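Working notes, structure below.
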Amino acid sequence: MTSGFFDFGAISRDAIDSSTIDQLADRFCDEKGRKNQETGKRYRRELDFFFDTLRRFGGNPEEPSRQQVDRYLAYLLMEHQADHPGPCVRECRELPYAPTSVARRRDVISAFYEYVSAVPSRPNYNPAKQLHVELAEQTAVDILTEDENLTVWNATRAHRWRDGIAVGLAGGMGMRREEVVRARAENLGRNEKGPTLRFWRVKGRYWQTEIVPAPVYDVIMTSLDGRTHGPIVTAAKTKMIRNAETGLLEPEHLSVRGLTYVFEQIREYSGVRPDDLHCHLLRHTSITFACTLRDLSKDRIKKFYGHVSDKDHRRYNAFANQVFVREIINPMQGLGFWALAA
């Protein structure tokens, strides 16, 4: 009698898995990517950097010690050292990382080696489990000043419509970078209060429809120039691809990496935050400015910006109340926006 597909008795619990640590990382990140593609890619990048750093400094990612992982996390908090062993990689130049970012990377390593510990023939050992990363009590939020926010908004619209849209979606609607690059023209609409955009929330994984601020909508419509489908933020208008679902030709969408590069360019020509201007900084700024508005409810802010817990809101609200003594109108939203979006 031959064993069939459902002959579970033929599967040995003691089977040897000879996969390398890189192959296991691929499998682990593929599983994460099934739920959220960008999360899977981010996990793989961060594991790659961890593996590369261990190897450059004489460690072995196949069986790292707890002390090696602890030392790696401490390394991420250090200033960049120009004379370190081996070639410098791009992430090295981003040192030092914020404690919250280091804690997140610790969590990625811990989740991966928890996965590895369940693989047959692998030791039941997680070198990153319960490792502590010192986090300061956080009230302060890194945001743009009013002048910086206005300068970026004006500079991008004057330089290139595509850049103005990216800044407007991040700073006017508070969208995360994955949400910005996924926004599509066919999801623009209108209700009795004004223009709307339906977009996918990458945290929480749900569709959300919100009023588009008039200044941002004007930039979008100018850039689209009558186009009614395809990505709102494009990589290059000269390159057209065929959408596999609709069969229509459309501009190529901008990737998350491409959006990062766009913000590197904006830093250069706007002169704002030449070492640290990124998409999420505009989201932080937008949320904080909204928290200064006295008649705007906590629940409305949470919903508009896609916060899943009160903890997220409290941090921004505490910082806004601590720093600002007057209401701040975000120029990317304009006066009266929240009366429409309420």
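No hydrogens, no waters, no symmetry mates; every other heavy atom, side chains included, goes into these values. Computed from a predicted structure; not experimentally measured.
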Derivation and outcome, salt bridge (Lys or Arg N to Asp or Glu O under 4.0 Å), residues Lys302 and Asp310: CA-CA 8 Å; Lys302 281 178 58 182; Asp310 283 344; 2.8 Å; yes
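- The side-chain hydrogen bond (donor to acceptor under 3.5 Å, both in side chains) test applied to Arg160 returns Asp163, not counting sequence neighbours.
- Contact annotation: the side chain of Glu210 never approaches that of Met175 to less than 4.5 Å [non-hydrogen atoms, C-beta and beyond].
- Minimum heavy-atom separation, Tyr125 to Pro64: CE2-O, 3.7 Å.
- Contact check for Ser101 versus Arg104: side-chain heavy atoms found under the 4.5 Å cut-off.
- Looking at residues two or more places apart in sequence or on another chain, you find a side-chain contact (heavy atoms from CB on, under 4.5 Å) between Gln37 and Lys41.
- The aromatic rings of Phe49 and Tyr75 lie tilted to each other, with the angle between the two planes from 30° to 60°.
- Ionic pairing of Glu245 and Arg184 is not present here: no N-O contact between side-chain nitrogen and carboxylate oxygen is shorter than 4.0 angstrom.
- The aromatic rings of His159 and Tyr269 sit parallel, their planes meeting at an angle under 30°, below the 60° perpendicular limit.
- Sorted by first and then second residue, the pairs that involve residues 111-123 and meet salt bridge (charged side-chain N to carboxylate O under 4.0 Å, His left out), not counting sequence neighbours, are Glu62-Arg122.
- Using a 4.5 Å heavy-atom cutoff, the side chains of Leu293 and Ile329 are in contact.
- Between Tyr305 and His307, the ring planes are tilted. Angles from 30° to 60° get that label.
- The ring of Tyr72 has its center closer than 6.0 angstrom to the ring center of Phe50.
- The hydrophobic cluster containing Val152 does not contain Leu150, counting ILVMFWY residues as joined when their side-chain heavy atoms lie under 4.5 angstrom apart, directly or transitively.
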